[in-house]
Amino acid sequence: MARILITSAIPYINGIKHLGNLVGSQLPSDVYARFNRALGNEVMFICATDEHGTPAELAAAKAGKPVADFCAEMHAVQADIAKGFRLSFDHFGRSSSQRNHTLTQHFAGKLAEAGLIREVSEKQVYSNADGRYLPDRYIEGTCPNCGYDAARGDQCENCTKQLDPTDLLEPRSAISGSTDLEVRETKHLYLCQSQLRDKLDAWIDSKTDWPILTTSIAKKWLHDGDGLQDRGITRDLDWGIPVKKGAEEWPGMEGKVFYVWFDAPIEYIAATAEWADAHGYDDSKWERWWRTDKGAADVKYVQFMGKDNVPFHTLSFPSTIMGSNEPWKLVDFIKSFNYLNYDGGQFSTSKGRGVFMNEALEILPSDYWRWWLLSHVPESSDSEFTWDSFQQGVNKDLADVLGNFVSRITKFCRAKFGEEVPAGGDYGAAEQAVINEISTRLAAYEGHMQAIEIRKAAAELRAIWAAGNEYLQAAAPWTTFKTDPEAAATTVRFALNLIPFYAVLSEPFIPDAAATMLAAMNATGTAWPTDVATALGTLKAGDSFTVPDVMFAKITDDARDEMQARFAGRS
RNA sequence: GGGCCUGUAGCUCAGUUGGUUAGAGCAGAGCGCUCAUAACGCUUUGGUCGCAGGUUCGAGUCCUGCCGGGCCUACCA
């Protein structure tokens with residue numbers, strides 16, 4: 001069996017994420033993980049919270065809590081919501097873990113040994129009132145170009161001109177508003193990515209099957225202007241991983257921490273180690289996923305992320321891995337996504353616009369969200385969430401096509417034959433035709449899943465569901481029952497067999513409904529089908545079942561309108 | 001400014017290395033069924049494939065220009 005290592009981009013700690021974040025990484029990675037497990041492949045599915053950096057410190061301060069406490073609480077909240085969405089991580093780690101401290105410092109040491117770290121002395125803005133250095137975007141002032149009075153230190157939002165913080169007129173702290181700012185000289189470490197440019201370029205060139213979104217962003221960074229630039233990997237902050245060279249102090253770097261974008265991807269590895277720790281396993285258990293010299297040579301490593309994360313996963317993290325000169329596992333496939341917009345605009349945390357993960361679960365079960373989001377996942381371009389589309393998609397696909405199919409056949413059987421599978425005769429031409437059609441569609445479905453074409457997979461799955469309704473309509477057991485109960489029984493037996501079959505195929509998308517279907521048919525543990533004809537003969541005459549409750553209640557127009565109003569935002 | 005992505009039926013999207021009459025789902029229309037969550041099935045109306053040129057026996061597909069939408073541009077993560 002194949003071994004698949006899957007990581008989802010790690011969500012930032014400073015708040016609850018919205019549906020756009022969910023659909024851009026965690027949800028599709030979960031589908032892929034579940035699919036591979038269903039096939040019998042060995043899967044390690046890793047996610048974590050990304051906990052370091054200025055925004056975390058500020059969010060904690062705003063909440064009036066020590067940053068470590070704040071992060072611990074938010075991690076628990078995010079972990080709970082992840083469970084609510086049935087995200088099947090083998091481990092949901094924390095980038096602030098001791099494992100990540102050790103590993104990040106280890107990588108920095110190895111990179112230094114390889115001559116890929118250089119010290120750079122630079123000028124940074126320090127705010128006396130805030131007692132901290134300010135990242136460019138946390139400095140506000142008047143734009144020298146257009147006069148906009150709330151321009152940020154990195155760019156003026158009004159005229160889009162790119163700025164340096166020292167360009168701003170009357171600069172002030174965006175945190176406190178203080179104008180008591182000074183420029184200080186400070187020393188930082190830079191990762192010499194530029195030295196690895198040709199190697200990275202050749203590596204990206206070899207990935208001909210990657211999404212164009214992934215490779216084009218990587219290429220842009222590799223070749224734009226002077227090419228790939230070295231990148232600062234340390235910051236003057238309190239909250240983070242202390243800068244060390246392996247286990248040793250790093251002279252001149254006292255009091256500094258690594259930049260979040262340096263330690264965040266390393267957390268993929270560290271989280272796998274956390275997984276081993278949590279289960280009481282020794283290091284060999286996680287190393288066989290990450291060290292090609294310790295069993296990871298046959299691992300296929302797939303990363304999922306939104307397009308904003310692509311540069312770090314195609315260039316920075318691979319620089320860390322390659323530059324270490326140690327046999328760490330490099331990514332084999334990077335699946336990247338565009339953005340999901342909300343009802344004609346962007347999701348906005350600050351404006352309270354759009355649906356956040358905790359709110360979504362308060363409104364409707366996770367399967368509803370999973371199905372709609374996954375069948376509209378922004379693979380080729382940005383896509384848009386509207387309540388109308390959500391209502392239509394969910395009602396039609398889940399309630400009418402799938403849910404009602406289960407309902408109509410189980411209730412019909414109960415009424416005519418009781419709650420057990422009727423005997424009838426052998427399957428005939430009608431059943432064989434369905435088997436043939438579904439066999440073709442199943443192959444297509446599996447192909448799309450292997451290729452991580454989520455939308456196409458969802459469409460194929462839906463077509464497989466619809467085949468059940470088409471069959472029933474043509475076979476019309478309610479008619480044949482009057483003259484030929486034996487024929488009706490055959491039809492019903494076949495149709496009932498479609499339920500556990502559908503459950504298994506649907507599980508990656510809608511795990512709760514799949515479990516309900518299997519439980520109703522007393523078929524828990526049904527395996528992924530290798531042969532459709534065999535699979536559709538699993539339930540035998542006399543096997544008992546129960547009629548499940550309505551699996552998907554429809555979203556009414558009133559409910560839709562209410563939700564639309566509730567989440568329209570404050571502005 | 002530069003780069004990348006994108007523009008196909010009312011809506012959401014497929015369209016493989018250019019190859020006959022451009023497809024699917026939803027919505028709309030008609031018919032059928034009555035087991036079922038007024039669900040299901042069948043049939044069907046919608047497109048000068050953003051615009052204008054060009055290459056070719058042949059262009060949704062390749063080239064050039066223009067127009068619209070989006071993203072990125074390296075100290076938010």
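Note that the structure is a prediction, hence the values are computed from the model and not measured. Letters go in sequence order (proteins before strands), and every chain restarts at 1.
- Of all heavy-atom pairs between A:Thr491 and A:Tyr471, the closest is CA-OH, 3.3 Å.
- In this structure, A:Thr234 contributes its side chain and A:Leu189 its backbone to a donor-acceptor pair below 3.5 Å.
- The interatomic distance linking A:Trp478 (CH2) with B:C33 (P) rounds to 12 Å, in whole Å.
- In this structure, A:Phe412 forms no aromatic stack with the base of B:C35, since the conditions of centre separation below 5.5 Å and plane angle below 30° are not both met.
- Whole-Å rounding puts the A:Asp397 CG to B:A24 P distance at 17 Å.
- For B:U8 and B:C62, the P atoms lie 16 Å apart once the distance is rounded to whole Å.
- Spacing between B:G1 and B:A59 at atom C1', rounded to whole Å, works out to 33 Å.
- Counting only distance, with no hydrogens or angles, the side chain of A:Arg235 and the backbone of A:Val257 share no donor-acceptor pair below 3.5 Å.
- Between the side chain of A:Tyr133 and the main chain of A:Thr186, no donor-acceptor pair closer than 3.5 Å is present.
- Between A:Lys219 and A:Asp201, at least one side-chain nitrogen of the basic residue sits less than 4.0 Å from a carboxylate oxygen of the acidic one, meeting the salt-bridge criterion.
- As the counterpart of B:C76, no nucleotide is assigned, since no Watson-Crick or G-U wobble pattern has both distances under 3.5 Å.
- Nucleic acid contact for A:Glu460: none, since no nucleic acid atom lies under 4.0 Å from a heavy atom of the residue.
- Rounded to whole Å, the P atom of B:C31 lies 27 Å from the corresponding atom of B:G23.
- Searching all strands for a Watson-Crick or G-U wobble partner of B:C71 with both distances below 3.5 Å returns B:G3.
- On the P atoms, B:C49 is 48 Å away from B:C35, given to the nearest whole Å.
- The side chain of A:Gln392 approaches B:C26 more closely than any other nucleotide in the set B:C75, B:C26, B:A36.
- When distances are taken from the side chain of A:Lys411 to each of B:A74, B:A36, B:G70, the shortest belongs to B:A36.
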Sort me out a list of protein N/O and nucleotides 10-14 of chain B N/O pairs below 3.5 Å, or just none if empty.
unit_1	atom_1	unit_2	atom_2	d
B:C13	O5'	A:Arg455	NH1	3.3
B:A14	OP1	A:Ser380	OG	2.7

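- Across the C1' atoms, B:A29 and B:G10 are found 14 Å apart, a figure rounded to whole Å.
- Contact check, A:Tyr471 against B:C40: no side-chain N or O comes under 4.0 Å of OP1 or OP2.
- Taking 3.5 Å as the limit, the base of B:A36 and the side chain of A:Asn404 contain a donor-acceptor pair of atoms between them.
- The partner of B:C49, taking Watson-Crick or G-U wobble pairs whose two distances both stay under 3.5 Å, does not exist in any strand shown.
- The side chain of A:Pro55 has B:C76 as its nearest neighbour among B:U73, B:C4, B:C76.
- As judged by a 4.0 angstrom heavy-atom cut-off over every strand, A:Asp308 is placed among the base-contacting residues.
- To the nearest whole angstrom, the two C1' atoms, one in B:A9 and one in B:G28, are 12 Å apart.
- Counting non-hydrogen atoms under 4.0 angstrom, A:Val260 reaches the backbone sugars and phosphates but no base.
- The base-pairing partner of B:G32, taking Watson-Crick or G-U wobble contacts with both distances under 3.5 Å, is B:C40.
- The 5' end of RNA chain B is approached more closely, in terms of each residue's nearest nucleotide, by A:Ile212 than by the other of A:Asn309 and A:Ile212.
- As a whole-Å value, the separation of A:Lys219 NZ from B:G2 C1' is 18 Å.
- Within the 6.0 Å centre-distance limit, the rings of A:His313 and A:Tyr268 are counted as a close aromatic pair.
- Across all strands, A:Gln229 comes closer than 4.0 Å to base atoms (heavy-atom distances).
- Environment of CG in A:Asp209: crowded, with over 12 heavy atoms of neighbouring residues, nucleotides or ligands closer than 6.0 Å.
- Side-chain contact between A:Leu496 and A:Arg493 is absent, with no heavy atoms from C-beta onward closer than 4.5 Å.
- Across B:U16 and B:C76, the matching P atoms stand 39 Å from one another, rounded to whole Å.
- Taking only side-chain atoms of A:Arg231, from C-beta outward, the nucleotide of B:A74, B:C71, B:A77 with the closest atom is B:A74.
- A donor-acceptor contact shorter than 3.5 Å is absent between the side chain of A:His75 and the backbone of A:Cys71.
- Using a 4.0 Å cut-off, no side-chain N or O of A:Arg137 falls inside it from OP1 or OP2 of B:A77.
- Rounding to whole angstrom units, CG of residue A:Leu496 and P of B:C35 are separated by 17 Å.
- OP1 or OP2 of B:C72 sits under 4.0 Å from a side-chain N or O of A:Tyr339.
- Taking the P atom of each, B:C13 and B:A39 are spaced 25 Å apart, rounded to whole Å.
- Residue A:Asp388 contributes atom CG, which lies 11 Å from atom P of B:G28 at whole-angstrom precision.
- When rounded to the nearest whole Å, the span between CD1 of A:Ile233 and P of B:A77 equals 14 Å.
- Checking B:C26, B:C35, B:C75 against the side-chain heavy atoms of A:Arg462 singles out B:C26 as nearest.
- We find that NE2 of A:His52 is positioned 16 Å from C1' of B:C76, with the value rounded to whole Å.
- Counting non-hydrogen atoms under 4.0 angstrom, A:Gly227 reaches a base of the nucleic acid.
- Between A:Lys220 and the phosphate of B:G2, there is no side-chain N or O to OP1/OP2 separation shorter than 4.0 Å.
- Between A:Gly232 and A:Ser216, the residue anchored nearer the 5' end of RNA chain B, judged by the nucleotide with its closest heavy atom, is A:Ser216.
- Using a distance-only test at 3.5 Å, with no hydrogens or angles considered, a donor-acceptor pair links the side chain of A:Tyr502 to the main chain of A:Ile464.
- Side-chain contact check for A:Pro171 versus A:Val125: every heavy-atom pair is 4.5 Å or farther apart.
- When heavy atoms are screened at a 4.0 angstrom cut-off, A:Leu134 is found touching no nucleic acid atom at all.
- Regarding the sugar-base torsion, B:G46 falls in the syn class, its angle being within 90° of 0.
- In this structure, of B:C76, B:U37, B:C33, it is B:U37 that holds the atom nearest to the side chain of A:Asp400.
- The side chain of A:Lys396 has B:A27 as its nearest neighbour among B:C75, B:C33, B:A27.
- One atom, CH2 of A:Trp372, and another, P of B:C26, lie 17 Å apart when rounded to the nearest Å.
- A:Lys554 comes within 4.0 angstrom of a nucleotide base, judged by non-hydrogen atoms across all strands.
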